[in-house]
Amino acid sequence: MDKQRAEEMFNNSYERVAAWQESAVASEKSNVFFFRFYEIFTTKSPEIAAAFRNTDMNRQVRMLRQSIVYLVNFYATKNANDFLQRIARRHARGDLNIAPALYDLWLQALLEAVSEHDTDFSVETAEAWSQVLAPGIEFMKSYYEDA
């Protein structure tokens, strides 16, 4: 799918699932999506479940929102800002002890959550999410080769 179509489909889907508007109802809706993502993600492996066992999930949801924005920005610009570089280093150098293979499970869990919460979800929607997030995920994984 061409870049413009992928961005459009991703953005429309993200708005449907994350409800970025400032109303209380929209905030509740977006929290449901992100918390559902973490429910799915933590079932993907015992390692993931253990990593999030004592985590402040409200804080984690805020970090996830921010991370997705930076991954989308990376897709659009092919430039990693300081935040994305810092997170990549923390993940790769043991601070968080995140194995590279867990990124694939992260994306899989995210797509499952999207499929549950996006009323217009389709195979093409999943392709758009994957296409938009893949370069940033690959950037994150590249830090393991350099570590």
Side-chain angles (χ1 to χ4, degrees), residues 1-92 96 98-144:
M1 150 182 343
D2 72 51
K3 186 174 181 173
Q4 183 177 353
R5 176 79 175 140
E7 287 175 2
E8 179 183 332
M9 289 197 70
F10 172 87
N11 288 336
N12 291 340
S13 175
Y14 192 69
E15 285 180 17
R16 287 189 296 270
V17 300
W20 275 98
Q21 298 81 12
E22 294 299 319
S23 74
V25 173
S27 295
E28 280 182 31
K29 180 181 177 187
S30 66
N31 285 341
V32 169
F33 166 73
F34 287 108
F35 281 105
R36 179 63 182 138
F37 158 76
Y38 279 111
E39 288 174 359
I40 295 167
F41 188 45
T42 56
T43 65
K44 295 295 180 189
S45 82
E47 180 181 356
I48 296 169
F52 287 99
R53 187 170 294 122
N54 297 314
T55 300
D56 174 349
M57 294 311 290
N58 289 315
R59 181 176 179 271
Q60 194 65 34
V61 162
R62 287 190 303 273
M63 288 175 40
L64 176 60
R65 283 179 179 261
Q66 188 176 20
S67 297
I68 290 173
V69 168
Y70 289 127
L71 290 172
V72 171
N73 186 54
F74 185 83
Y75 176 73
T77 67
K78 300 298 183 242
N79 290 311
N81 62 21
D82 290 341
F83 175 84
L84 195 58
Q85 291 177 13
R86 198 169 47 250
I87 293 301
R89 279 193 298 273
R90 284 190 69 206
H91 284 195
L96 298 176
I98 308 294
L102 297 181
Y103 290 98
D104 297 331
L105 296 176
W106 180 88
L107 182 57
Q108 183 183 64
L110 193 61
L111 291 174
E112 287 179 38
V114 172
S115 74
E116 291 179 11
H117 290 268
D118 183 349
T119 54
D120 291 340
F121 185 81
S122 66
V123 170
E124 195 175 22
T125 305
E127 289 172 7
W129 276 76
S130 294
Q131 183 174 327
V132 168
L133 298 177
I137 291 170
E138 290 306 312
F139 171 81
M140 299 286 288
K141 287 180 177 180
S142 75
Y143 270 71
Y144 290 87

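What you see below is based on every heavy atom in this structure, not just the backbone, and it leaves out hydrogens, waters and symmetry mates. Quick caveat, the model's predicted, so the values are computed rather than measured. Nothing fancy with the numbering, it's 1 onward along the sequence.
Using modelled atom types, one side-chain atom of Gln131 and one backbone atom of Met1 make a donor-acceptor pair closer than 3.5 Å. Put simply, the side chain of Tyr143 never gets that close to the backbone of Arg90: no donor and acceptor are under 3.5 Å apart. Judged purely by atom type and a 3.5 angstrom limit, Asn11 uses its side chain to pair as donor or acceptor with the backbone of Glu7. With Ser13 contributing its side chain and Met9 its backbone, the two residues share no donor-acceptor pair below 3.5 Å. With Asn73 contributing its side chain and Val69 its backbone, the two residues share no donor-acceptor pair below 3.5 Å.
Closest approach of Lys78 and Pro135 over heavy atoms only: NZ-CG, 4.0 Å. Across all non-hydrogen atoms, the minimal contact from Ala6 to Ala128 is O-CB, 3.6 Å. For Trp129 against Leu111, the heavy-atom pair with the smallest separation is CB-CD2, 3.5 Å. Contact detail for Ser45 and Leu102: the closest heavy-atom pair is OG-CD2, 4.2 Å.
The aromatic rings of Tyr103 and His91 are tilted relative to each other, their planes meeting at an angle between 30° and 60°. Between Phe41 and Phe52, the two ring planes are perpendicular [angle over 60°; tilted spans 30° to 60°]. Between Phe33 and His117, the ring planes lie perpendicular to each other; the angle is over 60°, past the 30° to 60° tilted range.
Between Gln108 and Leu105 the shortest side-chain heavy-atom distance falls below 4.5 Å. Looking only at side-chain heavy atoms (C-beta outward), Trp106 and Leu110 come within less than 4.5 Å of each other. Counting heavy atoms from C-beta on, the side chains of Arg16 and Val114 never come closer than 4.5 Å. With contacts defined as side-chain heavy-atom distances shorter than 4.5 Å, the pair Ile68/Tyr14 qualifies. Within the 4.5 Å cutoff, the side chain of Asn58 has heavy atoms near those of the Phe35 side chain. For the pair Arg65 and Phe34, the minimum side-chain heavy-atom distance is below 4.5 Å. In this structure, the side chains of Phe139 and Gln85 come closer than 4.5 Å at one or more pairs of heavy atoms. Within the 4.5 Å cutoff, side-chain heavy atoms of Tyr38 are placed close to those of Leu64.
To the nearest 0.5 Å, the span separating OG1 on Thr43 from CD on Glu112 amounts to 7.0 Å. Atom CZ of Arg62 is separated from atom CG of Asn31 by 10.0 Å, given to the nearest 0.5 angstrom. Distance check: Arg59 CZ to Met63 CE gives 5.0 Å after rounding to the nearest 0.5 Å. To the nearest 0.5 angstrom, Asn81 atom CG is 10.0 Å from Ile87 atom CD1. Expressed to the nearest 0.5 Å, how far CG of Leu133 lies from OG of Ser67 amounts to 11.0 Å.
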Between Leu84 and Met140, does the side-chain contact (heavy atoms from CB on, under 4.5 Å) criterion hold? Intermediate values first, please.
CA-CA 8 Å; Leu84 195 58; Met140 299 286 288; 3.7 Å; yes
Stepwise salt bridge (Lys or Arg N to Asp or Glu O under 4.0 Å) test for Asp104 and Lys44
CA-CA 10 Å; Asp104 297 331; Lys44 295 295 180 189; over 6 Å; no
Checking side-chain contact (heavy atoms from CB on, under 4.5 Å) for the pair Thr125/Asp120: CA distance, chi angles, key distance, verdict?
CA-CA 8 Å; Thr125 305; Asp120 291 340; 5.7 Å; no
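Applying the salt bridge (charged side-chain N to carboxylate O under 4.0 Å, His left out) criterion to Glu116, with sequence neighbours excluded, gives Arg36.
Both the sub-6.0 Å distance and the 45° axial angle are satisfied by Lys3 relative to the ring of Tyr75.
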